[in-house]
Undergrad: 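There's a structure below that I have some questions on.
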Amino acid sequence: MFAQTELFIVEAVMWLKLCIELIGALIIAAGILVALRHLMAEWSRGRSAGFSVVRLELARYLALALEFQLAADILSTAVAPSWQQIGQLGAIAVIRTGLNFFLQREMREEHA
């Protein structure tokens, strides 16, 4: 009984991880579409000065998607992690947190 319960929990967490990764991917896709729409609007007006605004818009979506992707990675190591998985999560977390930090900093600089 315990083995079945554990198996069910592991499988449920993996499905949840997959759903969260999908949400992150959809956020990125939405960000690209929004950024392209703004970029096309700027080009149709003959302005290239709006490029920073477009980059800032896309950066917001990327920062949010990174949070979802990191959450999915944390979930995958929450159930029966091995030392290798923990090490990989650590490396991924550092990389994604670094990316998010620099995206947030760039967004603050663009707002200022």
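If you're wondering where the values come from, they're calculated on a predicted model, not measured in any experiment.
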Undergrad: I need the Gln88 CD to Ser82 OG distance, nearest 0.5 Å.
TA: 7.0 Å
Undergrad: Can you confirm whether Met14 sits close enough to Ser76 that some side-chain heavy atom of one is under 4.5 Å from a side-chain heavy atom of the other?
TA: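 The answer is yes; the side chains approach within 4.5 Å.
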Undergrad: List the atom pairs, donor and acceptor, that lie under 3.5 Å between side-chain atoms in residues 90-102 and the rest of the protein, sequence neighbours left out.
TA:
unit_1: Arg96; atom_1: NH1; unit_2: Gln69; atom_2: O; d: 3.0
unit_1: Arg96; atom_1: NH1; unit_2: Asp73; atom_2: OD2; d: 2.4
unit_1: Thr97; atom_1: OG1; unit_2: Ala93; atom_2: O; d: 2.6
unit_1: Asn100; atom_1: ND2; unit_2: Glu67; atom_2: OE2; d: 2.3

Undergrad: Taking side chain to side chain donor-acceptor pair (under 3.5 Å) as the definition, give me every residue that meets it alongside Glu11, ordered by chain and number, with sequence neighbours left out.
TA: none
Undergrad: Is Trp83 isolated, or which residues cluster with it under the ILVMFWY side-chain rule of less than 4.5 Å, directly or via members?
TA: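 ILVMFWY cluster around Trp83 also holds Ile86.
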Undergrad: How would you list all residue pairs meeting salt bridge (charged side-chain N to carboxylate O under 4.0 Å, His left out) that involve residues 22-35, not counting sequence neighbours?
TA: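 Matches after skipping sequence neighbours: none remain.
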Undergrad: Quick one: salt bridge (charged side-chain N to carboxylate O under 4.0 Å, His left out) partners of Arg108, sequence neighbours excluded?
TA: none
Undergrad: May I have the list of side-chain donor-acceptor pairs in residues 15-38 shorter than 3.5 Å, sequence neighbours left out?
TA:
unit_1: Lys17; atom_1: NZ; unit_2: Glu21; atom_2: OE2; d: 2.8
unit_1: His38; atom_1: ND1; unit_2: Val34; atom_2: O; d: 3.1

Undergrad: Mind checking side-chain contact (heavy atoms from CB on, under 4.5 Å) for Gln4 and listing every partner two or more places apart, or none if nothing turns up?
TA: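 Checked Gln4 against side-chain contact (heavy atoms from CB on, under 4.5 Å); zero matches.
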Undergrad: Starting from Leu70, walk the hydrophobic network (Ile, Leu, Val, Met, Phe, Trp, Tyr; side-chain heavy atoms closer than 4.5 Å) and list everyone else you reach, by chain and number.
TA: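 Traced through the cluster, Leu70 reaches Ile74, Leu89.
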Undergrad: Go through the structure and list residues passing side-chain contact (heavy atoms from CB on, under 4.5 Å) with Leu103, not counting sequence neighbours.
TA: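 For Leu103 the side-chain contact (heavy atoms from CB on, under 4.5 Å) partners, ignoring immediate neighbours, are Ala59, Leu62, Ala63, Leu66.
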